[in-house]
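Everything numeric in this text was worked out from a predicted model, so none of it was measured.
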Amino acid sequence: MTDADQTRDQAREHAVETALGKLDLDTKTRLLAGQDMWSLPAIPEIGLGSLVMSDGPVGVRGVRWTADDPSIALPSPTALAAAWDPALARRAGRLLAQEARRKGVHVVLAPTVNLHRSPLGGRHFECYSEDPYLTGAVGTGYVKGVQDGGVGTTVKHFVGNDAETERFTVDCVIAPRALRELYLAPFEAIVTQARPWGVMTSYNRVNGTSMTENRHLVNEVLRDEWGFDGYNVSDWMAARSTVGDILGGLDVAMPGPTTVYGPALAAAVRAGEVPEGAVDAAVRNVLRLAARVGLLEGAPPVVAEPPEAIDGQALARELAARGCVLVRNAGGVLPLDAGSGRTVALIGAAARDARILGGGSATVFPERVLSPLDGLTAALPPGTLTYAIGADPSEELTPAGQGFALRAVCRDASGAVIGEGSLPSGQVQWIGDDLPAGAAYETMATIEVTGRFVPRESGPHAFGTRGLGAFALALDGEVLWEGVQEMGDEADPFEAFFGAPSERARAVLTAGEAVEVSLTYRVPDMSTLPLKAVMFSLLHLGPRRDPDELIAEAVEAARAADTAVVVVATTERVESEGFDRVDLRLPGRQDDLVRAVAAVNPNTVVVVNAGSPVELPWREDVAAVLLSWFPGQEGGAALADVLLGAVEPGGRLPTTWPAVLADAPVTEVVPTDGRLEYREGLFIGYRAYEARGVTPAYPFGHGLGYTDWAYESLEATAESVRVRLVNTGSRPGREVVQVYLAPPAGDPAGDPADDRAGRPASRLAAFAGVEAGPGESVEVEIPLPARAFEVWDEGAGAWRRIDGTYEVRAAHSHADTRLTVTLDL
Ligand code: BGC
């Protein structure tokens, strides 16, 4: 921190104390509770503006949950982590700060730094890695970038939210050593290196205590030990105890207007259950955040002038290419030679209807989406590209979109129209005051989603609903279904958002012939609910073509082309917040499709459009496999760049890719009697594969570029390693030099913390990206963090350095060590 920064810090602290001194108890407790879904109240008397928060990791949605208010959609966090480049993550963060400022948002609810404990975790796509060091490094870059733009971050979900099943109540039982060395480690790295202005405590419990009430982890570890001075906000609807939460160090309860804070907190102070000092501490944290983002009069914001503008589309495209991981490239089939007039058969439903992001609160609505078909059409010479669906994995109904022109009509009890608005899709997601002009919760009796639908294909079209409540569905004025969807026993409060779709009616329609569609929803009484919101969807699924016929059509296209590019994908119902996955299979007939195409075309390239691992049983039978993750809005253009060699696929796996689910170290994400025991201790990801001698499909850190590297020398001290390598290929490239440490063998009779048997045989200690032209050498010095030589000593409750002889490996991946030296400590 420079002297000038320190002076501004002091000025902010002074302004915070002055403002705090002017507030009475009721105003203070009001400030700690959301006034609506996304914001805190303004307090004009002390010159405090209303602080606005917004999701999320891949873009900034703003306070409206609608495509009317578009946002740049960057690649999903697994893709960002796959670039293994904190500086790139920082650039992503700066863009998000720019987006936040544009949308009047002061704090972004990101990054998500829970770990890839199991590939079944529903939000795997939204987290970075199975490795805490890589997660911490990428998260640090991201947080610095957002905050460079003067916008706050909220590192989440602190801690143990590594799966979704029973997420509101599950008790994650995690031994202290695994908690420290794995799950807390990214938070610690980010807090100590990037000074984030916020943290979000998760829904779950850890070792018996709800995270919003976890005084030990929040006050003692996060704040006292690591020096966190930001605000701590509950995950949405996680705050459930007035006294427990405030004493547990929770500053802000979201969303509002009805929360366990506000008047309830003031009453608890008056009743002597809570010392006013605890409220003051929380208010101080909120005011400090407001001061940092420039919302508190008299306090200098951390960033007075926003940094230089960034081209969001260009950065989204660059990031998508940098995150692509080429895991197989037999015979150097990639890059494709575009200039020679060679033909490409592009195959797959997701090649046309691209899957650019995962589901849940990370969802944003981009202004445009470039699919692989768009990207390749633009990049290839005319007449050299064909397209076939091949297999359509979307077997479930999704929000009415393609072919629909819809609007929402709000009526009062007499049937009079009180508000109307256009809808970009059949999904209605109105939260708080975000209603069509004129409509109000108090008077709104029904909402009708209505408009024209022009089918793309002839045949039976299915229509359905998602959401709870009473509905009526009509086509051309005829009511086809009327009924009520009740909430199930174990349903998530966000059921309307994440719940399974229900088919309600089918109608045989003709391509090109318009029909009038209408779904009427009866608005329930919301007077007693903590949150006023309307969430339901009109769903649709077009006619299913015969799967064998689709595959046969694709096979013919592949046979006729020089190269077949098959895009396989997961669906919205596979990877999302709110539920976990049940298997790692590609949905539908996609495996059959790949096998059939590979059988007729030896130059088959498979692009895997999924945010987390899927089984690829045919992976040795195809020429190339490229993981494009959820690539964000410019994904199709980036894919063309990579396939045609305009840029190198820059990614390395941030998570081990299992051959089959059974090989994954953790396959149990369903709690037993409300408890989820992290029995595997330290052994997740590559640590577990190594311990069990299991070979994955693709190891952690793996990824091929378009050039080759020879590692020439490696020297190590306790502070750093120095690696020299040469680009032996014919193109410029980037290599991620990975440094793994294998700790010394312990003395089994000695201290258990020094017992090698209980410790992973190796771990990622550091990494650095290097670039060089063909034939060029490059040398890099990579600092080794002290923590790389430490273990958490459960007996002492402290970190302890383990002395002895370490093996230091410079590696291309966890399974591909290029050079080794020993280091005595
Ligand atoms: C998610 C958070 C998110 C919040 C607000 C919750 O359901 O777990 O990650 O920030 O909603 O959308």
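A salt bridge between Lys156 and Asp235 is absent, with no side-chain N of the basic residue lying under 4.0 Å from a carboxylate O of the acidic one. Glu680 and Arg117 are joined by a salt bridge, as a carboxylate oxygen and a charged side-chain nitrogen come within less than 4.0 angstrom of each other. A salt bridge links Asp251 to Arg223: one of the charged nitrogens lies within less than 4.0 Å of a carboxylate oxygen.
With sequence neighbours excluded, no residue forms a salt bridge (Lys or Arg N to Asp or Glu O under 4.0 Å) with Arg355. With sequence neighbours excluded, the residues that form a salt bridge (Lys or Arg N to Asp or Glu O under 4.0 Å) with Arg675 are Glu677. Partners of Glu225 by salt bridge (Lys or Arg N to Asp or Glu O under 4.0 Å), not counting sequence neighbours, listed by chain and number: Arg180. Looking at residues two or more places apart in sequence or on another chain, you find a salt bridge (Lys or Arg N to Asp or Glu O under 4.0 Å) between Arg102 and Glu99. In this structure, the ring-ring contact (aromatic ring centres under 6.0 Å, His included) partners of Phe630, at least two apart in sequence or on a different chain, are Phe125.
By the 30° and 60° cut-offs, the orientation of the rings of Trp792 relative to Trp799 is perpendicular. Between His124 and His116, the angle of the ring planes stays under 30°, which puts this pair in the parallel group of the 30/60° scheme. Ring geometry for Tyr740 versus Phe700: interplanar angle over 60°, hence perpendicular rather than tilted (30 to 60°).
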Using a 3.5 Å cut-off and no angle test, enumerate the donor-acceptor pairs between side-chain atoms of residues 105-113 and protein atoms at least two apart in sequence or in another chain.
from: His106; atom 1: ND1; to: Val52; atom 2: N; distance (Å): 2.9
from: Thr112; atom 1: OG1; to: Glu126; atom 2: OE2; distance (Å): 2.8

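Ring pair Tyr678/Tyr183: centre-to-centre distance below 6.0 Å.
Between Gly323 and Ala82, the shortest heavy-atom contact is O-CB, 3.4 Å.
Two residues are said to be in side-chain contact when any heavy atoms from C-beta on lie closer than 4.5 Å; Val608 and Val614 meet this criterion.
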